[in-house]
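To start, the structure under review is shown below, and the notes come after it.
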Amino acid sequence: MSAPRSRWLSKTAVNGVLALATCYMLFPLVWLVTAATKDAGGLLAGDAFSFEGFDLGGNLARLAEYHDGVYFRWYLNSLLYAGVGAAACALISVAAGYAFHVYDFRGKEKLFGLVLLGVLVPTTALALPMYLLASEIGIVNTYAAVLLPVLVNPFGVYLSRVLCAAYVPDEALEAARIDGAGEMRVFWSIGLRTVMPGFVTVFLFQFTAVWNNFFLPLVMLSDQKLFPLSLGLYAWNSNAHAEPDYYPLVVTGSLLAVVPLVLAFVSLQRHWKAGLTAGSVK
């Protein structure tokens with residue numbers, strides 16, 4: 001077999017596998033888009049992939065009206081938990097990574113070892129201890145019960161230290177100190193801006209994790225007005241077996257729930273790719 005023909009076959013095989021993988025990944029999204037246009041009868045009839053009986057507008061209207069628009073309250077709750085939590089977590093992670101890189105203090109490497117150990121601990125294993133702590137300080141069933149635990153991300157601290165070691169120039173820090181800048185000014189003006197791709201990367205990772213978080217709100221919250229989308233849609237889906245009218249609400253709500261994740265990745269992908277590439281190269 002000639003070399004050009006062998007290369008062509010290899011490219012065809014690789015492209016074929018990639019095309020199949022793409023179709024496999026897009027299949028649930030296509031189903032979600034078409035199913036959101038159906039009423040309960042159309043979904044239960046099994047013809048979700050057709051646009052026959054298109055009623056997306058009606059589903060959105062019913063979603064907005066159901067229980068005085070509780071879905072969009074859940075939506076705002078999720079934006080609060082994920083947006084504020086991810087932004088604060090990214091800032092804390094970058095500040096901690098910067099401190100690990102720039103400063104020398106007693107027990108530094110041992111403390112960083114504990115951070116790395118934290119990467120190995122699954123978040124679900126910490127839900128019950130965090131609930132007990134939240135109960136002790138009286139914040140169970142409040143916004144703080146979900147927001148405070150998501151402010152810590154050991155992997156974000158590790159990634160931030162790696163990026164600071166690669167991109168924060170010691171000469172620039174020393175020059176700023178000689179010019180009279182305080183440590184906070186040095187971090188804010190040089191350290192944070194230099195590793196902004198890392199900040200965006202940690203933000204996106206944490207935003208996705210908090211937006212999809214289910215177990216922590218399930219443990220911490222009992223008031224439906226505080227539910228995020230994941231918990232609210234789960235409650236509706238649990239009732240759908242007895243009341244099929246919940247099915248269109250769950251499917252349409254799930255479609256809208258994907259939008260912030262898509263917008264976040266599309267708008268910030270340039271910084272995200274730069275942060276991941278830099279971390280992998282280092």
Side-chain angles (χ1 to χ4, degrees), residues 24-87 123-124 127 141-143 145-147 150 203-268:
Y24 177 79
M25 295 177 64
L26 291 178
F27 183 83
L29 183 60
V30 173
W31 182 91
L32 190 62
V33 171
T34 56
T37 67
K38 301 293 181 182
D39 57 14
L43 286 172
L44 294 175
D47 58 346
F49 281 103
S50 71
F51 285 99
E52 184 179 353
F54 187 92
D55 192 28
L56 179 60
N59 286 341
L60 291 174
R62 286 186 287 273
L63 190 67
E65 296 169 358
Y66 191 78
H67 279 189
D68 297 325
V70 69
Y71 172 83
F72 289 101
R73 184 182 181 91
W74 295 341
Y75 211 99
L76 292 176
N77 290 342
S78 287
L79 288 175
L80 172 66
Y81 296 140
V84 175
T123 54
T124 52
N141 205 34
T142 65
Y143 287 110
V146 178
L147 273 174
V150 303
F203 173 84
L204 283 175
F205 278 144
Q206 193 70 353
F207 184 89
T208 303
V210 177
W211 187 268
N212 294 325
N213 197 1
F214 171 76
F215 194 62
L216 180 64
L218 178 65
V219 171
M220 293 291 190
L221 304 177
S222 58
D223 186 355
Q224 284 200 4
K225 293 182 179 179
L226 302 178
F227 282 5
L229 280 175
S230 57
L231 192 54
L233 291 174
Y234 169 78
W236 280 359
N237 189 58
S238 299
N239 295 328
H241 301 290
E243 299 182 42
D245 287 339
Y246 275 105
Y247 280 121
L249 297 177
V250 172
V251 174
T252 307
S254 299
L255 177 62
L256 294 182
V258 175
V259 174
L261 296 177
V262 174
L263 291 179
F265 274 91
V266 170
S267 59
L268 300 175

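Counting from 1, the numbers follow the sequence of the chain as shown.
- Val251 is listed as a side-chain neighbour of Trp31, based on a closest heavy-atom distance under 4.5 Å.
- Applying the salt bridge (charged side-chain N to carboxylate O under 4.0 Å, His left out) test to residues at least two apart or on different chains, none of the pairs has a partner in residues 223-248.
- Of the possible donor and acceptor atoms, none in the side chain of Thr252 sits under 3.5 Å from a partner among the backbone N and O of Leu249.
- In terms of heavy atoms, Pro248 sits closest to Lys38 at CB-O, 3.8 Å.
- Here the side chain of Tyr234 pairs no donor or acceptor atom with the backbone of Leu218 at under 3.5 angstrom.
- Taking every heavy atom of both residues into account, Tyr143 and Asn77 meet most closely at OH-OD1, 3.1 Å.
- The closest side-chain heavy-atom distance from Phe265 to Thr208 is below 4.5 Å.
- For the pair Thr37 and Thr34, the tightest heavy-atom approach, listed with the atom from each and the gap, is OG1-O, 2.6 Å.
- When all heavy atoms of Ser230 and Asn213 are compared, the closest pair comes out as OG-O, 2.5 Å.
- When Leu216, Leu226, Thr142 are each tested for a side chain to side chain contact (heavy atoms under 4.5 Å, CB included) with Leu221, only one passes: Leu226.
- Leu233 contributes atom CG, which lies 10.5 Å from atom CZ of Phe214 (distance to the nearest 0.5 angstrom).
- The closest side-chain heavy-atom distance from Leu56 to Leu60 is below 4.5 Å.
- Between the side chain of Tyr71 and the backbone N or O of Gly253, at least one donor-acceptor pair lies under 3.5 Å.
- No side-chain heavy atom of Leu231 sits under 4.5 Å from any side-chain heavy atom of Trp74.
- For an aromatic pair to be called close, the ring centres must be under 6.0 Å apart, and Phe203 with Trp211 fails this.
- For Leu256 against Tyr75, the heavy-atom pair with the smallest separation is O-OH, 2.7 Å.
- The CG atom of Asn212 lies 10.0 Å from the CG atom of Leu229; values are rounded to the nearest 0.5 Å.
- Minimum heavy-atom separation, Pro228 to Tyr81: CB-CD1, 4.0 Å.
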